[in-house]
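Working notes for the structure below.
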Amino acid sequence: MMLKSIISLLLFLGMSFAVEGARFVQTEYKRPFRAVVEFYFDHPEKIGPALGWVSNLVYVLSNPPYNYPTEDIDIVVISHGRELPVFAKENRKKYEAIVERVESLSFYGVKFMVCSMAAKQFYGYTEKDFYPFVTLVPSALTEIIHWQHLGYGLLIPQVLQIK
């Protein structure tokens, strides 16, 4: 008798979930919305898909139902991998489409930071080599932890391959 009741209950629950579908929840996000995004890729062009993650944050928060003003969206992107050449002015032609997306996001208040240690050590870059919308910081790792201490949630985009 007990086994029959359990089977009936499982069938009922299974059928009710199958009929109704998933439930949508409109999450109320805390203002200001703060995120620190780590870019550390093995190929410069992986920034393209990763920018999609950043754009998604901006899009969702700045459009209905949230309609956050740019002052309430605080996103910091910190780069310290092989994607650093994208931020160097000398490579604009090669990465023009990506640079335009980065610059566009900077107009929405997204801050782009580059690890000066990696820039200098691996590429010989200094401050003058980067666009005005880029800020150099002493150490990406220290900077990421700094922003987390300030209450920023860490987002690490996963880009497995590029087209």
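Just so you know, residue 1 is the first one in the sequence shown, and it goes up from there.
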message = Between R31 and D72, does any side-chain N to carboxylate O distance fall below 4.0 Å?
response =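 Yes, charged N to carboxylate O under 4.0 Å.
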Taking [X] for the side chain and [Y] for the main chain, is one N or O donor matched with an acceptor at less than 3.5 Å?
| X | Y | answer |
| --- | --- | --- |
| S104 | E100 | no |
| S106 | E103 | yes |
| Q158 | I156 | yes |
| K94 | V86 | no |
| N63 | V60 | no |

Positive for side chain to side chain contact (heavy atoms under 4.5 Å, CB included) with V36, one of L155, V77, D74, L154 =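 In the set L155, V77, D74, L154, the residue that makes a side chain to side chain contact (heavy atoms under 4.5 Å, CB included) with V36 is L154.
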Which distance, rounded to the nearest 0.5 Å, do you find between the [atom1] of [X] and the [atom2] of [Y]?
| X | Y | atom1 | atom2 | answer |
| --- | --- | --- | --- | --- |
| N91 | L84 | CG | CG | 10.5 Å |
| E127 | S116 | CD | OG | 7.0 Å |
| T27 | Y29 | OG1 | OH | 4.0 Å |
| Q148 | E38 | CD | CD | 9.0 Å |
| F41 | H80 | CZ | NE2 | 9.5 Å |

query = So with a 6.0 Å cut-off around OH of Y40, is the heavy-atom count from everything else above 12?
reply =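 Result for OH/Y40: open.
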inquiry  = Would you say that more than 12 heavy atoms from the other residues, nucleotides or ligands in this model lie under 6.0 Å from the CZ of R101, or not?
reply    =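 Count over threshold, so yes.
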query = How are the rings of Y125 and F130 set to each other: parallel, tilted or perpendicular (split at 30° and 60°)?
reply =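 Perpendicular.
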query = Do we see a donor-acceptor contact under 3.5 Å between the side chains of Y66 and Q26?
reply =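 Per modelled atom types, Y66 and Q26 side chains form a pair under 3.5 Å.
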